[in-house]
Peer 1: 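Starting off with a structure, shown below.
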Amino acid sequence: MKNRKVLITGGAGFIGSHVVRHFVKNYPNYQIYNLDKLTYAGNLENLKEIENKENYTFLKGDIIDLEYIRSIFKEHNFDSIIHLAAESHVDRSISDPLIFIQTNILGTSTLLQVAKENWKDDYADKLFYHVSTDEVYGSLELGGDFFYENTPYDPKSPYSASKASSDHLVRAWSHTYKFPVVISNCSNNYGPYQFPEKLIPLFINNIMHKKALPVYGEGINVRDWLYVEDHAKAIDVIFHKGKLGETYNIGGHNEWTNIDLIKELIKQVDQKIGNQPGESESLITFVKDRAGHDLRYAIDATKIKDDLGWVPSLQFEEGLGLTVDWYINNSDWLNNVTSGEYRSYYEKQYS
Ligand code: NAD
Ligand code: DAU
């Protein structure tokens, strides 16, 4: 196996931390560099397990900072990039869109441009891998068709429009400069270390603390859920075997309406923390719908299965069980995040 110098951006976030851990553990001959700005969503506690490994380096910085990105490229000479850093929460993109434009569009272009400057025209063994979302395809009808790799882009929120723009920029570098890229578009992830503003960790936390469970609209929207470690494994497979210039959809064929998922969560959490069965259903509170709320996402993941041999390893019931157990057993992590204490981890460990 070749030695590689892999820059992973956004590695202190939810999915990024699973990807960093996966690569540090499974590829001891790779040098893994985690570049993260540590926004509210970045938490280095997520990486405690590997922070002292010899093949791991943390770099604190902003992907839109051109001179900083140039300086780290000059110092470390990365041969590949797995780009996950982004503003990722749809609700925040509705209330505060401009940071999404800056980070997701300008940040991605900055990385593309600096990688191109450094790799010159020698693209042998080089790779720019953009980790993207199924939301770029827009919204599906209930019970209808799926998102395929050739589904036309139709993003509807500031978040998904910014991710669609970054996908287009990555393809433009590929088309114009023959730049070595690959893109994946994944469905909703769940699992350990997810920031508790997203549906599943927010609701687990609220059930544990007997707080209201705010269901947007009627709870009929459908999401296609994938366990985060299965996403990290798919990223590994695409990184090593994906064909340059291609796009791969990643998903679990696992659609749930929000309300059914919430009831399943309530069932599992109530049982595990010793509540009466269904006790927390009284916490369900229907609230005003999300503006422009996409009705349904559902991925067709045939291409990655047929071409690269990836399929999800976990059934949803098992993945959700592991997730609920993790948040119950890691209440310190959850409390540090909800209290803001996690913000001081960087100063304690790295200053
Ligand atoms: P997250 O919000 O948990 O983490 C994002 C990370 O990026 C954080 O550590 C943050 O500090 C960092 N970051 C943000 N702005 C930065 C900047 N300007 N410079 C450097 N670092 C910065 O996000 P996530 O849910 O882990 O998503 C990771 C990626 O995967 C995103 O690109 C997202 O669009 C994509 N994705 C997410 C999902 C999902 O269900 N969460 C599904 C498909 C694709
Ligand atoms: O599909 C992939 C996308 O999944 C990623 O690209 C995004 O980064 C990620 O945040 C996620 O987007 P969603 O908007 O689907 O995830 P969220 O957890 O915010 O919401 C899931 C569903 O639950 C959605 O239909 C809105 C609803 N919801 C969400 C919250 C936070 C509620 O009903 N109540 C809530 O409080």
Side-chain angles (χ1 to χ4, degrees), residues 8-20 34-44 46-47 59-65 68-69 82-94 99-100 102-104 106-108 110-111 130-137 139 147 155 157 159-160 162-163 166-167 184-191 193-203 206 212-226 228 231-232 234-235 249-251 256-259 261-262 284-290 293-299 346:
I8 299 179
T9 70
F14 165 49
I15 301 170
S17 63
H18 288 271
V19 174
V20 166
N34 170 17
L35 165 62
D36 200 295
K37 182 181 174 182
L38 300 183
T39 67
Y40 80 93
N43 182 353
L44 287 175
N46 300 358
L47 291 163
L59 303 166
K60 185 172 185 296
D62 190 332
I63 57 168
I64 72 170
D65 184 343
Y68 175 74
I69 302 297
I82 306 176
H83 174 37
L84 296 107
E87 288 292 335
S88 72
H89 192 44
V90 174
D91 291 325
R92 286 179 189 255
S93 85
I94 294 167
I99 184 72
F100 285 71
Q102 285 164 11
T103 295
N104 301 356
L106 187 56
T108 302
T110 304
L111 290 168
H130 186 224
V131 175
S132 192
T133 170
D134 61 356
E135 298 196 17
V136 297
Y137 298 121
S139 180
F147 293 138
S157 73
Y159 163 69
S160 54
S162 69
K163 291 295 292 188
S166 55
D167 285 1
S184 58
N185 297 86
C186 187
S187 63
N188 285 62
N189 282 217
Y190 70 98
Y193 301 112
Q194 188 167 30
F195 197 85
E197 62 184 351
K198 307 276 166 70
L199 181 74
I200 289 183
L202 175 72
F203 277 38
N206 285 10
L213 305 174
V215 180
Y216 298 163
E218 296 172 69
I220 56 166
N221 303 68
V222 171
R223 296 293 183 264
D224 175 1
W225 293 94
L226 180 71
V228 61
H231 189 186
I235 289 173
N249 279 354
I250 308 171
W256 285 75
T257 62
N258 290 340
I259 194 68
L261 173 63
I262 289 160
I284 290 177
T285 311
F286 290 94
V287 297
K288 190 167 177 276
D289 208 353
R290 173 184 278 174
H293 198 171
D294 287 342
L295 183 56
R296 171 174 168 256
Y297 305 144
I299 282 279
Y346 171 72

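Just the heavy atoms: all of them, side chains too, but no hydrogens, waters or symmetry mates, feed the values below. When a ligand or atom number is given, it counts from 1 through the structure's own listing order. Computed from a prediction, not measured in an experiment: that's the story for all the values here.
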Peer 1: Can you find an N or O of Phe14 that's nearer than 3.5 Å to an N or O of ligand 1?
Peer 2: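 By distance alone, the answer is yes.
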Peer 1: Start with the C-alpha distance between His130 and Lys163, add both sets of side-chain angles, then the distance that settles side-chain contact (heavy atoms from CB on, under 4.5 Å), and finish with yes or no.
Peer 2: CA-CA 10 Å; His130 186 224; Lys163 291 295 292 188; 3.8 Å; yes
Peer 1: Using heavy-atom distances only, which candidate in Asp134, Ile200, Asn188 approaches atom 16 (O) of ligand 2 most closely?
Peer 2: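 Among Asp134, Ile200, Asn188, the closest heavy atom to atom 16 (O) of ligand 2 belongs to Asn188.
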Peer 1: Do me a favour and list the nearest non-hydrogen protein atom to atom 43 (C) of ligand 1 with residue, atom name and distance?
Peer 2: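 Heavy-atom neighbour on the protein nearest atom 43 (C) of ligand 1: Cys186 O, 3.3 Å.
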Peer 1: Backbone, side chain, both or neither: what part of Lys163 comes under 4.0 angstrom of ligand 1, heavy atoms only?
Peer 2: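 The answer is the side chain.
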Peer 1: Give the atoms of ligand 2, by number and element, whose distance to some non-hydrogen atom of Tyr159 is under 4.0 Å.
Peer 2: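 With Tyr159 as reference, the close atoms of ligand 2 come out as 5 (C), 6 (O), 7 (C), 8 (O).
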Peer 1: Who gets closest to atom 34 (N) of ligand 2 by heavy atom: Ser93, Pro214, Gly13, Gly251?
Peer 2: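 That would be Pro214.
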Peer 1: So, is His231 polar-close to ligand 1, with some N/O to N/O distance under 3.5 Å?
Peer 2: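 No; the residue has no nitrogen or oxygen that sits under 3.5 Å from a nitrogen or oxygen of the ligand.
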Peer 1: Please list the nearest protein heavy atom to atom 20 (C) of ligand 1 with its residue and the distance rounded to 0.1 Å.
Peer 2: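 Nearest neighbour among protein heavy atoms for atom 20 (C) of ligand 1, to 0.1 Å: Lys37 N, 3.2 Å.
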Peer 1: Would you find a donor on one side and an acceptor on the other, under 3.5 Å apart, between the side chain of Asn189 and the backbone of Ser187?
Peer 2: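 Yes; at least one donor-acceptor contact below 3.5 Å.
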Peer 1: Answer yes or no: does an N/O atom from Arg223 fall short of 3.5 Å to an N/O atom of ligand 2?
Peer 2: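 In this structure, Arg223 places an N or O atom under 3.5 Å from an N or O of ligand 2.
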Peer 1: State if Ile64 counts as touching ligand 1 under the rule of any non-hydrogen atom under 4.0 Å.
Peer 2: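 For ligand 1, residue contact (heavy atoms, under 4.0 Å) with Ile64 is absent.
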Peer 1: Which option out of Gly251, Ala86, Gly107 puts a heavy atom nearest to atom 14 (C) of ligand 1?
Peer 2: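 The nearest heavy atom belongs to Ala86.
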Peer 1: Name the closest protein heavy atom to atom 2 (O) of ligand 1, giving the residue it belongs to and the distance to 0.1 Å.
Peer 2: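 Protein heavy atom with the smallest distance to atom 2 (O) of ligand 1: Ser88 OG, 2.7 Å.
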Peer 1: Are any of the N/O atoms on Asp36, whether in the backbone or the side chain, positioned under 3.5 angstrom from an N/O atom of ligand 1?
Peer 2: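 Checking ligand 1 against Asp36, an N or O pair does fall under 3.5 Å apart.
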Peer 1: Would Tyr193 and His18 count as a close aromatic pair, with their ring centres under 6.0 Å?
Peer 2: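 Ring-ring flag for Tyr193/His18: true, centres closer than 6.0 Å.
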Peer 1: Taking both backbone and side-chain atoms of Tyr297, is any N or O found less than 3.5 Å from an N or O belonging to ligand 2?
Peer 2: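 In fact, backbone or side chain, Tyr297 has no N or O that close.
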Peer 1: As an exercise, identify every atom of ligand 2 less than 4.0 angstrom from a heavy atom of Lys198.
Peer 2: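 Taking each heavy atom of Lys198 in turn, ligand 2 has 10 (O), 18 (O) under 4.0 Å.
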Peer 1: Given Ile299, Ile15, Thr9, which has its nearest heavy atom closest to atom 27 (O) of ligand 1?
Peer 2: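 It is Ile15 that holds the nearest heavy atom.
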Peer 1: Does ligand 1 come near enough to Ser132 that some N or O of the ligand is less than 3.5 Å from an N or O of the residue?
Peer 2: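 By distance alone, the answer is no.
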Peer 1: Closer than 4.0 Å to some heavy atom of Val90 - which atoms of ligand 2 meet that?
Peer 2: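 Ligand 2 atoms under the 4.0 Å threshold to Val90: 14 (O).
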Peer 1: Would Gln194 count as being in polar contact with ligand 1, using the rule that some N or O on each side must be under 3.5 angstrom apart?
Peer 2: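 Between Gln194 and ligand 1, no N or O pair is found under 3.5 Å apart.
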Peer 1: Ignoring hydrogens and angles, tell me if any N or O in the side chain of Asn206 forms a donor-acceptor pair with the backbone of Ala212 under 3.5 Å.
Peer 2: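 Answer holds: yes.
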Peer 1: Heavy atoms only: which of Trp225, Trp256, Tyr216 lies closest to atom 30 (C) of ligand 2?
Peer 2: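 Looking at heavy atoms only, the winner is Tyr216.
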Peer 1: Is Thr133 close to Tyr159 at the side-chain level, that is, under 4.5 Å between some pair of heavy atoms?
Peer 2: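 SC-SC contact between Tyr159 and Thr133 confirmed.
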Peer 1: Nearest protein heavy-atom contact for atom 31 (C) of ligand 2: which residue, which atom, what distance?
Peer 2: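 Scanning the protein heavy atoms, the shortest distance from atom 31 (C) of ligand 2 goes to Glu197 O, 3.3 Å.
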Peer 1: Between ligand 1 and Leu84, is the shortest N or O to N or O distance under 3.5 Å?
Peer 2: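 Yes.
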Peer 1: Side chains of Ser166 and Asn104: is there a donor and an acceptor less than 3.5 Å apart?
Peer 2: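 No, because no side-chain N or O of Ser166 sits under 3.5 Å from a partner of the opposite role on Asn104.
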Peer 1: For residues Leu199 and Leu261, determine if any side-chain heavy atom of one lies less than 4.5 Å from a side-chain heavy atom of the other.
Peer 2: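 Yes, close enough: below the 4.5 Å cut-off.
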Peer 1: Return the closest protein heavy atom for atom 9 (C) of ligand 2 as residue, atom name and distance.
Peer 2: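 The answer is Ser88 O, 4.0 Å.
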Peer 1: Polar-atom distance check: Tyr40 versus ligand 1, any N or O pair below 3.5 Å?
Peer 2: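 For ligand 1, there is no N or O atom that lies under 3.5 Å from one belonging to Tyr40.
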Peer 1: Is Leu202 touching ligand 2 with its side chain, its backbone, both, or neither, if touching means heavy atoms under 4.0 Å apart?
Peer 2: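 Under 4.0 Å from ligand 2, Leu202 contributes side-chain atoms alone.
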Peer 1: Does at least one non-hydrogen atom of Ser17 fall below 4.0 angstrom from an atom of ligand 1?
Peer 2: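 In this structure, Ser17 fails to qualify as a contact of ligand 1 - no heavy atom is under 4.0 Å.
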Peer 1: Atom 21 (C) of ligand 2: which protein heavy atom is closest, and how many Å away?
Peer 2: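 I find the closest protein heavy atom is Leu199 CB, 3.9 Å.
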Peer 1: Ring-plane angle category for Phe147 and Tyr297, please: parallel below 30°, perpendicular beyond 60°, tilted otherwise.
Peer 2: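 Taking Tyr297 first and then Phe147, their aromatic rings sit tilted (interplane angle of 30° to 60°).
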Peer 1: Counting only N and O atoms by type, is there a donor-acceptor contact under 3.5 Å from the side chain of Ser139 to the main-chain atoms of Leu295?
Peer 2: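 Answer holds: yes.
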Peer 1: Do ligand 1 and Gly13 have nitrogen or oxygen atoms that lie under 3.5 Å from each other?
Peer 2: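 It does: an N or O of Gly13 is found under 3.5 Å from an N or O of ligand 1.
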Peer 1: Just which atoms of ligand 2 are under 4.0 Å from any heavy atom in His89?
Peer 2: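 Reading through ligand 2 atom by atom, the close ones are 19 (O).
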Peer 1: Considering heavy atoms of the protein only, find what lies nearest to atom 12 (O) of ligand 2 and give residue, atom and distance to 0.1 Å.
Peer 2: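 That would be Glu135 OE2, 2.8 Å.
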Peer 1: For atom 18 (N) of ligand 1, tell me which residue out of Leu59, Asn43, Asp62 has the closest non-hydrogen atom.
Peer 2: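 The residue whose heavy atom sits nearest atom 18 (N) of ligand 1 is Asp62.
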Peer 1: Would you sort out whether Arg290 and Ile94 count as a side-chain contact (heavy atoms from CB on, under 4.5 Å), showing the intermediate values?
Peer 2: CA-CA 9 Å; Arg290 173 184 278 174; Ile94 294 167; 3.7 Å; yes
Peer 1: Report the member of Asn185, Thr39, Asn104, Ile99 with the shortest heavy-atom distance to atom 13 (N) of ligand 1.
Peer 2: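 Nearest option to atom 13 (N) of ligand 1, by heavy atoms: Thr39.
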Peer 1: What is the nearest protein non-hydrogen atom to atom 23 (O) of ligand 2, stated with its residue, atom name and distance?
Peer 2: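 It is Asn258 ND2, 3.4 Å.
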Peer 1: Measure Asn189 to ligand 1 on non-hydrogen atoms and call it side chain, backbone, both or neither using the 4.0 Å cut-off.
Peer 2: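 Answer for Asn189: both.
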Peer 1: Under 4.0 Å from ligand 1, counting heavy atoms only, is it the side chain of Tyr159, its backbone, both or neither?
Peer 2: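 For Tyr159, only side-chain atoms sit under 4.0 Å from ligand 1.
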Peer 1: Just do the side-chain contact (heavy atoms from CB on, under 4.5 Å) check on Thr285 and Val215 with the steps written out, would you?
Peer 2: CA-CA 6 Å; Thr285 311; Val215 180; over 6 Å; no
Peer 1: Please list, in number order, the atoms of ligand 2 under 4.0 Å from a heavy atom of Val215.
Peer 2: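 Matching atoms, with element in brackets: 33 (O).
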Peer 1: Show, in sequence, the C-alpha distance, side-chain angles and deciding distance for Ser157 and Glu135, and conclude whether the side-chain contact (heavy atoms from CB on, under 4.5 Å) test is met.
Peer 2: CA-CA 9 Å; Ser157 73; Glu135 298 196 17; 4.3 Å; yes
Peer 1: Measure from NZ or CZ of Lys60 to the centre of the six-membered ring of Tyr346, then state whether that distance is under 6.0 Å and the direction lies within 45° of the axis.
Peer 2: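 The answer is yes, since Lys60 meets both limits relative to Tyr346.
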Peer 1: Look only at the side chain of Asn188 and the backbone of Asp224, and say whether a donor-acceptor pair between them is shorter than 3.5 Å.
Peer 2: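 No, the answer is negative, given that no donor and acceptor are paired below the 3.5 Å cut-off.
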Peer 1: Quick one: does Asn185's side chain have a donor or acceptor within less than 3.5 Å of a partner on Asn249's backbone?
Peer 2: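 No, because the side chain of Asn185 does not come within donor-acceptor range (under 3.5 Å) of the backbone of Asn249.
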Peer 1: Counting heavy atoms only, which of His293, Arg296, Arg290 is nearest atom 20 (O) of ligand 2?
Peer 2: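 Answer by nearest heavy atom: Arg290.
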